[in-house]
Amino acid sequence: YLCKPVIECSLKLVNNLPTMKISKKTESPLDIQNLLKDDVQEHEITKQKIQVNTAETNDYAASLSLLSTILENFGNYFIEYLPYLESMIVPLLSFDINQDIRVEAANLIPYIIDIYKSQNNTELLHSQSIKYLTNLILVMEREESTLGVATQINSIGSLIEKTGMFLDK
């Protein structure tokens, strides 16, 4: 009877993503002449993942870790919350500003697959496993952190092991 409040409380902990704001205040004055001159050189813009550690990102990663523990122990009670849980977790696999959040999101996937496995619906289990396998491979291709790649590979291995077959689709 306490499971539902515990589950809802744990989902509320991970409901709000950490945010970052970029200050509008510039650190150096703008040189109008420099801005107006013709610049014939093209500048290449590259996007890189950065590691931003704040109290907010650390708390969020810890909340995801707690959610893993709750899923491990109360997984069967999460069935009605799966669509909501999945809508939160899948985008976190590619959360650009903090690897700890990406790692904890990847750690949740085997527990989610356990919930599907407990429903004894092989077709549903395999379709969800393929969905997660695809997502993990896509984010792993762009992952720059060794820890992130290792965790994603671990989640893929666990996912394949839990489904009881090799997914060839």
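Computed from a predicted structure; not experimentally measured.
Side-chain heavy atoms closer than 4.5 Å link hydrophobic residues (I, L, V, M, F, W, Y) into clusters, and following such links, possibly through other members, connects Val6 to Ile112. Under a hydrophobic clustering in which Ile, Leu, Val, Met, Phe, Trp and Tyr are joined whenever their side-chain heavy atoms come within less than 4.5 Å, directly or via other members, Met140 and Leu138 fall into different clusters. In terms of hydrophobic clustering, with Ile, Leu, Val, Met, Phe, Trp and Tyr side chains grouped at heavy-atom distances under 4.5 Å, Tyr60 and Val103 are assigned to different clusters. Follow the hydrophobic side-chain contacts under 4.5 Å out from Ile113 and you reach Ile137 in the same cluster. Criterion: ILVMFWY side-chain heavy atoms under 4.5 Å apart, direct or through other members. Under it, Leu92 and Leu82 are part of a common hydrophobic cluster.
Heavy-atom minimum distance, Arg102 versus Asp96: NH1-O, 3.4 Å. Contact record, Ala106 with Ser155: O-OG, 2.6 Å, taken as the closest heavy-atom pair.
For the 3.5 Å distance criterion, the side chains of Glu86 and Tyr132 qualify, holding a donor opposite an acceptor.
A donor-acceptor pair under 3.5 Å is absent between the side-chain atoms of Ser158 and the main chain of Asn154, judged by distance alone. Between the side chain of Glu143 and the backbone N or O of Ser145 there is at least one donor-acceptor pair closer than 3.5 Å. A donor-acceptor contact shorter than 3.5 Å is absent between the side chain of Asp100 and the backbone of Ala61.
Taking CG of Leu93 as the start and CG of Asn135 as the end, the distance is 6.5 Å to the nearest 0.5 Å. Here the straight-line distance linking atom CG of Asn107 with atom CG of Leu67 works out to 11.5 Å at 0.5 Å rounding. Interatomic distance, CG of Asn53 versus CD1 of Ile97, reported as 9.5 Å (0.5 Å rounding). Here the NZ atom belonging to Lys117 is positioned 15.5 Å from the CD atom belonging to Gln128, to the nearest 0.5 angstrom. For the atom pair CG (Leu136) and OG (Ser129), the distance works out to 10.5 Å, reported to the nearest 0.5 Å. Residue Lys131 holds its NZ atom at 15.0 Å from NE2 of His126, rounded to the nearest 0.5 Å.
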message: Evaluate Tyr81 against Lys4 for side chain to side chain contact (heavy atoms under 4.5 Å, CB included), listing each step before the verdict.
response: CA-CA 10 Å; Tyr81 301 98; Lys4 189 170 183 167; 3.3 Å; yes

Full working for side chain to side chain contact (heavy atoms under 4.5 Å, CB included) between Lys162 and Asp114: CA-CA 7 Å; Lys162 288 175 186 295; Asp114 278 339; 3.1 Å; yes

message: One pair to check against side chain to side chain contact (heavy atoms under 4.5 Å, CB included): Tyr84 and Leu11. What are the steps and the verdict?
response: CA-CA 9 Å; Tyr84 178 72; Leu11 289 174; 4.1 Å; yes

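Counting only heavy atoms from C-beta outward, the side chains of Leu125 and Asn121 never approach each other to under 4.5 Å.
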Donor-acceptor contacts, no H, no angles, side chain residues 68-79, under 3.5 Å, sequence neighbours left out:
{"residue": "Ser68", "atom": "OG", "partner": "Leu64", "partner atom": "O", "Å": "3.4"}
{"residue": "Thr69", "atom": "OG1", "partner": "Ser65", "partner atom": "O", "Å": "3.4"}
{"residue": "Asn73", "atom": "ND2", "partner": "Thr69", "partner atom": "O", "Å": "2.8"}
{"residue": "Asn76", "atom": "OD1", "partner": "Ser118", "partner atom": "OG", "Å": "3.1"}

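Residue-environment remark: CD (Glu123) stays at or below the threshold of 12 foreign heavy atoms within 6.0 Å.
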